[in-house]
Every structure is written in C-alpha cells, then in structure tokens.
Amino acid sequence: VQLQASGGGLVQGGGSLRLSCVTSGFTFRNYVMGWFRQAPGKEREFVAAISDSAHITRYADSVKGRFTISRDNTKNTVYLQMTSLKPEDTAVYYCAADSSSWVRSPLSSGRNSPRAHWGQGTLVTVSS
C-alpha cells in the first residue's frame, strides 16, 4: 500500500494550492479517503474526508468554505483544493485511506482511523 502526497509549497496568505495523493496497492474505489494536517508542536487534526463514491464529504469547521476534497477513482487519486489560505493553515498535510464503509469510518465523523493507511505528508507553508 502506497500513498504519495504532493503539491505542497510556500504560498502567500490568500493564495491557493492543490494537493494530490496518488495511491496504489489497494482497491482505491472502495476506500474512504481523508486529509489530515499537523502543525509544528500540535497534534494531527482532521481536515476533510470523502466517501468511496465521492457523493459525501465532510470538512473541519476551520476549512469549510475554503477547501474542497475530491477524488478520481480512475486515477486512484484524491485531491485537496485549498483557497483563501491563512498562516494558520501552515502544516504538513497527510492523506489517509480507510477500508471501512462511510457510515463505519471514523473519518466520516472527523476522527482518525486506527485502520487507516497513511501517506508521507507534504508541507504547506502560508506566509502572512
């Protein structure tokens, strides 16, 4: 199982970035996918999740209206479009894959899943 996140970088406040997470080694279309982030000195926190069919999404309150999670099941890839970025969005962003159904997955309620597979993270730095 591999999850390769990319797309991070340095951006000015108010700017945009699009993160990608390319996956392999599992049946992507059957997995709930999510994004988490970890800022320096802080615990990892939930950002967004998307159901296997892409019909259902969930967002942390802190990013609602600014970030959009999407997926392409033909490319085994999940995306995170980030707009109106703020310095407090600075963090390492991780993608996660959970084999549970949406209703059973902790990701659907904004929680970490002990069964999830994780990528290596991509750093997003937002300057003020």
Side-chain angles (χ1 to χ4, degrees):
V1 173
Q2 287 193 330
L3 295 86
Q4 183 74 36
S6 63
L10 175 63
V11 63
Q12 279 193 328
S16 300
L17 280 176
R18 188 195 196 202
L19 306 184
S20 299
C21 177
V22 179
T23 72
S24 62
F26 61 98
T27 308
F28 179 80
R29 65 180 182 273
N30 293 340
Y31 277 63
V32 174
M33 298 299 298
W35 287 96
F36 288 72
R37 67 186 181 186
Q38 187 167 17
K42 295 187 177 181
E43 293 188 353
R44 190 173 297 189
E45 65 174 3
F46 171 79
V47 176
I50 187 167
S51 64
D52 54 355
S53 63
H55 291 162
I56 310 171
T57 58
R58 182 186 174 98
Y59 296 92
D61 288 343
S62 59
V63 307
K64 203 171 293 184
R66 299 188 298 122
F67 291 11
T68 302
I69 188 171
S70 62
R71 65 190 293 161
D72 186 338
N73 286 352
T74 67
K75 297 182 179 179
N76 295 341
T77 302
V78 62
Y79 305 97
L80 187 68
Q81 179 68 49
M82 306 185 295
T83 63
S84 302
L85 282 161
K86 306 174 182 180
E88 51 263 44
D89 294 318
T90 295
V92 177
Y93 284 72
Y94 299 88
C95 54
D98 188 356
S99 61
S100 303
S101 63
W102 178 258
V103 293
R104 293 183 179 273
S105 174
L107 271 61
S108 68
S109 57
R111 295 179 290 114
N112 188 8
S113 170
R115 297 177 47 172
H117 303 297
W118 293 90
Q120 86 294 351
T122 185
L123 176 63
V124 172
T125 304
V126 184
S127 63
S128 56

Does anything in residues 103-128 pair up under salt bridge (charged side-chain N to carboxylate O under 4.0 Å, His left out), and if so which pairs, sequence neighbours excluded?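 Of all non-adjacent pairs touching residues 103-128, none passes salt bridge (charged side-chain N to carboxylate O under 4.0 Å, His left out).
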Pairs where residues 27-37 contributes a residue and the test salt bridge (charged side-chain N to carboxylate O under 4.0 Å, His left out) is met, not counting sequence neighbours: Arg37-Glu45, Arg37-Asp89
Atom pair [atom1] ([X]) and [atom2] ([Y]), whose distance is rounded to the nearest 0.5 Å:
X: Asp52; Y: Met33; atom1: CG; atom2: CE; answer: 11.5 Å
X: Ser53; Y: Asn30; atom1: OG; atom2: CG; answer: 11.0 Å
X: Gln81; Y: Ile69; atom1: CD; atom2: CD1; answer: 12.5 Å
X: Ile56; Y: Ile50; atom1: CD1; atom2: CD1; answer: 10.0 Å
X: Leu19; Y: Trp35; atom1: CG; atom2: CH2; answer: 4.5 Å
X: Asn76; Y: Tyr31; atom1: CG; atom2: OH; answer: 11.5 Å

Should the pair Phe36 and Phe46 be assigned to parallel (<30°), tilted (30 to 60°) or perpendicular (>60°) ring geometry?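 Geometry flag for Phe46 against Phe36: perpendicular rings.
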Would you name the heavy atoms of [X] and [Y] that are closest together and state the gap between them?
X: Pro114; Y: Pro106; answer: CD-CG, 4.5 Å
X: Thr77; Y: Ser20; answer: CG2-CB, 4.4 Å
X: Phe28; Y: Asp72; answer: CE2-O, 3.8 Å
X: Leu80; Y: Tyr93; answer: CD2-CD2, 4.1 Å
X: Asp98; Y: Ser113; answer: OD2-OG, 3.0 Å

Between Leu107 and Trp102, is any pair of side-chain heavy atoms under 4.5 Å apart? no
Would you check if Leu85 and Phe67 make a side-chain contact, meaning some heavy-atom pair closer than 4.5 Å?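 They are in contact (side-chain heavy atoms under 4.5 Å apart), so the answer is yes.
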Let me see the working for Trp118 and Asn112 under side-chain contact (heavy atoms from CB on, under 4.5 Å), right down to the final yes or no. CA-CA 11 Å; Trp118 293 90; Asn112 188 8; 2.9 Å; yes
Should Val78 and Val1 be counted in the same cluster of Ile, Leu, Val, Met, Phe, Trp and Tyr side chains packed under 4.5 Å apart? yes
Indicate, with yes or no, if Val124 and Tyr94 share a hydrophobic cluster defined by side-chain heavy-atom contacts under 4.5 Å among Ile, Leu, Val, Met, Phe, Trp and Tyr.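 In one cluster: no.
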Judged by atom type as modelled, is there a donor-acceptor pair below 3.5 Å linking the side chain of Thr83 to the main-chain atoms of Arg66? yes
Donor-acceptor pair, distance only, cut-off 3.5 Å: does the side chain of Arg71 make one with the backbone of Ser51?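 Side chain of Arg71 to backbone of Ser51: a pair is present.
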Output a table of donor-acceptor pairs, distance under 3.5 Å, between side-chain atoms of residues 2-16 and any protein atom two or more places apart or on a different chain; print 'none' if there are none.
none

